[in-house]
Amino acid sequence: MSQSLFMPLAEAVRHFVHDGDSVALEGFTHLIPFAAGHEIIRQEKRHLTLIRMTPDIIYDQMIGMGCADKLVFSWGGNPGVGSIHRFRDAYEHSWPRPLAIEEYSHAAMAAMYQAGASRLPFATLRGFIGNDLPQYNHNIRQVECPFSGERLAAVPALNPDVTILHAQRADRHGNVWIKGIVGAQKEAALAAKRVIVTVEEQVDELEAPLNAVILPHWTLAAVCVVPRGAHPSYAHGHYSRDNAFCIAWDAISRERDSFLAWMDRHVMQVRDFAETLQLITAAQRTELA
Amino acid sequence: MSQSLFMPLAEAVRHFVHDGDSVALEGFTHLIPFAAGHEIIRQEKRHLTLIRMTPDIIYDQMIGMGCADKLVFSWGGNPGVGSIHRFRDAYEHSWPRPLAIEEYSHAAMAAMYQAGASRLPFATLRGFIGNDLPQYNHNIRQVECPFSGERLAAVPALNPDVTILHAQRADRHGNVWIKGIVGAQKEAALAAKRVIVTVEEQVDELEAPLNAVILPHWTLAAVCVVPRGAHPSYAHGHYSRDNAFCIAWDAISRERDSFLAWMDRHVMQVRDFAETLQLITAAQRTELA
Amino acid sequence: MNITWTADEMMTVAAARRLGNGIACFVGIGLPSAAANLARLTHAPEVVLIYESGTLGTRPDVLPLSIGDDELAEKADSIVSMPEIFRYYLQAGRIDVGFLGAAQVDRYGNLNSTFIGGDYEHPATRLPGAGGAPEIAASAGEVLIVLKQGKRSFVEQLDFMSSAGYFSGGDSREKSGATGRGPSAVITDLGILTPDPVSRELTLTSLHPGISVEQVIAATGWPLQVAAQLDTTPPPTAHELSVLRDLHARTRAAHSQSKLA
Amino acid sequence: MNITWTADEMMTVAAARRLGNGIACFVGIGLPSAAANLARLTHAPEVVLIYESGTLGTRPDVLPLSIGDDELAEKADSIVSMPEIFRYYLQAGRIDVGFLGAAQVDRYGNLNSTFIGGDYEHPATRLPGAGGAPEIAASAGEVLIVLKQGKRSFVEQLDFMSSAGYFSGGDSREKSGATGRGPSAVITDLGILTPDPVSRELTLTSLHPGISVEQVIAATGWPLQVAAQLDTTPPPTAHELSVLRDLHARTRAAHSQSKLA
């Protein structure tokens, strides 16, 4: 039964991501599942609710290509570079379609994933004190402590239809080991109805130390081997962040035409992520030459 | 400043455990801080509220020696052996003094430590459904989800005055690495006002893998090097559980006299835990011979 | 072939057979641990064994003496904290089968593991308490209760309700907020009791070989319902017994070694 | 000795000096990261640097470009999950100092990092949003705000309140439920503003060398309070500048290496 967890990424996205789903691609700077995001774009999934603490380039691409109706987030930008232009164009000018937003803080979203993983309906935090968001996001409420009477912020659990992660390694059963900065990935995965993980490599045995961060195979729907599948994000121990690409994205994405041209050539007209990487590498080599 | 974290166990208990404190000695089967418990007995601390998910032999000893006014717990027994007789004698017959109890379930106490570590006043869980405890423990209440209207169990945060743990290793700064079965130790420590950790050894650098369970030195009050300080519990990678002692405890503790005689000889009349271990080892060798 | 077995072996084998391959099983120490590992070593090699100490997917070579033995940690796919095991796994509904024992069970599979006699503040016999059981009983997909049958344990009225079975029967469990389905069977040394589909009352549906209905009725503290068509539990096979006895022999050998330096 | 420095260097040095040895500091990317590491490499070798990606007690050799660089992970005492960093550390009151920037600040140190112009649903300029800031502002023991001074950022009225300073001044923060003490200073390219002990209004208390009071008033969108006794910020020392410039040089060298295979 566990062998069937392994499948090509295209098949996993076809089987487990449906139009209208709520989808969380998580990874805090580290291990962002870019390959999976591209596959969702290539398969023209529509009306998704995209969930992510830090929507950055991959969500900019998915939003700009019309996959999303809604974004649930706490910080949306290209870290160290600036705005994500396709997000702003969608939110401010409804291009290519209107985008609704549901905005929280990092502390809240981390707690919402935790509540989701725990199958509790809500999370409690000391949050949003002096923050104006509760005026606009009516899912930020209050709960009274039944002991102290204190009023605390309450936010709903996040239970995505699908959570997609990238990780370094899976063993032959499909157990996945996530190493390094882990963000809220474990919680986002355990909160979801279905989980797809792309990994750098498959090995026979993980040989992970005790207390490593492991996602057991029986909590997952699909495991797909996609080397460098987090590029331009990084995979600790495998490759570093491609900062040059993250900077270049600002110019590529600023205008609709240049964005569409790039996406067409690098995502829509390729077979898989390996081809995308070849194109990007070739372009960067030309530039350096 | 971090050098001052290291001190003899007697000094740590003298400075950081006071009469009347709430004290959690945690460790789920693994890494139970027996040496620290003996030191508390030897220093004749009184009127403690003892907190522990699974009060077993060490709490039986502390209760029988009159350290405790109250026990907060979810399962009290000698695992695989039976009752803890000194606990029953205190609760059922007020010997050597009356013992109040505050009883929960494991799921609740794990959540209460988590809430304590998060400095939230309460924790929410799907708990105590069909369980009679809420009739007797008025700290088991309910809270209504502000989204679904669902009613869930609510329990107060646990914030011990002192949490005491045993761990394998500390580095020169006092950062502590806990390896193997970790129970709710991290949460119990981070929930406490003061934390004492006894360790098997001090090393220069931990050389722990990424994502190991670490207690940063600046969250601790004292670190004490006490080899075999978890005996008859175990320290993964150092020594195994002394099952023979756990079985022998049943007979030792069944009657008040035999209990007092054992405690006097092995705890009150010794200088430190190393001496206690020598006595126990010698007795076991005699028996095997 | 003339095979003999003990009552404990019959209970262990009967419990093991109820574990499907690949299911996630929350295991306690003692007979449940033996049953779950017997299942793993016979018909269910991919059963996922979870101990409340936080060891996920463990494959011990010998049975643990305590629920947190290092053997469980060494052989686990992953070790998580107790907040995680209880919140992200049990409460989240990821456990298919939970094993429970108790001091008392009633006709609806409700359990007492808190005290016997007297009252809560002044018990005649204080027991260890419920530990993980209340939430296992409520949240595991199904619960297997394993308990030797006798009038002192199979009682008309529990002294204290520690863990929920079917409450007062009928649909009272469904109304309780419990997310799991409740006890699917009570496996005893005499037979197997399963809940009536409608009334939820425990009904004797299978007798272990050599046991009579009268024996079971005599060992039950309430007027026991007996199924119209009563099965006989298939006896332990030679293979089941040999795997189970090997497991116990390995366990005894491992634990008899002195652990002191 | 003729030392020159940039406005960024002056801000960085002034911020670094406010970090005591051994304190736990929640660091953001950019100038706060440079300031915190400068402190660590000069007067505060035991400052505990914490990034919201979950790296505790990290000692990067070069400054990270993103808040989750592998450099931060490799050099950390421990890496924890984001639920842990926000709940067990920040919310628990274990952070002594939090750094915050923003697009707008008002006279009470309240911050906006959400949008400028228009309204929430139809912003003229949508910003990335608050991320970790609302809870850092509420729960860190004290907050250091670092921001270039100008009439567009130092405003009479925020377009949106993302993170709390002293609310409407006086004791309004104390009544809010915020557990931290609030902003202890706003460090700009022109000087240092600190809250009045009673009114909590930001007051110019120190001018950077070569800056006039008039310049600061002209760069502030409200009638700025100026302390009766105005300090001059001690200029960066040669040692501070050399350590800071070495750090930036190492960072540039490390990050200019092509990362593609």
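Throughout, protein chains are lettered first and strands after them, A, B, ... in sequence-line order, and every chain is numbered starting at 1.
Using a 4.5 Å cut-off between heavy atoms, B/Asn211 contacts chain D through both its backbone and its side chain. Only the side chain of D/Ile50 comes within less than 4.5 Å of a heavy atom in chain B; its backbone stays farther off. Of the two parts of D/Phe86, neither the backbone nor the side chain holds a non-hydrogen atom closer than 4.5 Å to a non-hydrogen atom of chain B. With a threshold of 4.5 angstrom between heavy atoms, D/Ala76 does not approach chain B through any atom at all.
Contacts with chain B were tallied for D/Ala92, D/Gly54, D/Ser81, D/Ser78; D/Ala92 has the most, counting heavy-atom pairs under 4.5 Å.
Closest approach of B/Leu210 to D/Ile79, counting heavy atoms only: CD2-CD1, 3.6 Å. Taking every heavy atom of both residues into account, B/Trp218 and D/Arg94 meet most closely at CZ3-O, 3.4 Å.
Atoms CG and CG, from D/Asp77 and B/Asp171 in turn, are 7.0 Å apart once rounded to the nearest 0.5 Å. The distance from the CG atom of B/Leu190 to the OH atom of D/Tyr89 is 4.5 Å, given to the nearest 0.5 Å.
B/Lys186 places a side-chain heavy atom less than 4.5 Å from the side chain of D/Glu84.
Contacts of residues 105-126 of chain B with chain D at a heavy-atom distance below 4.5 Å involve B/Gln114, B/Ala117, B/Ser118, B/Arg119, B/Leu120, listed in sequence order.
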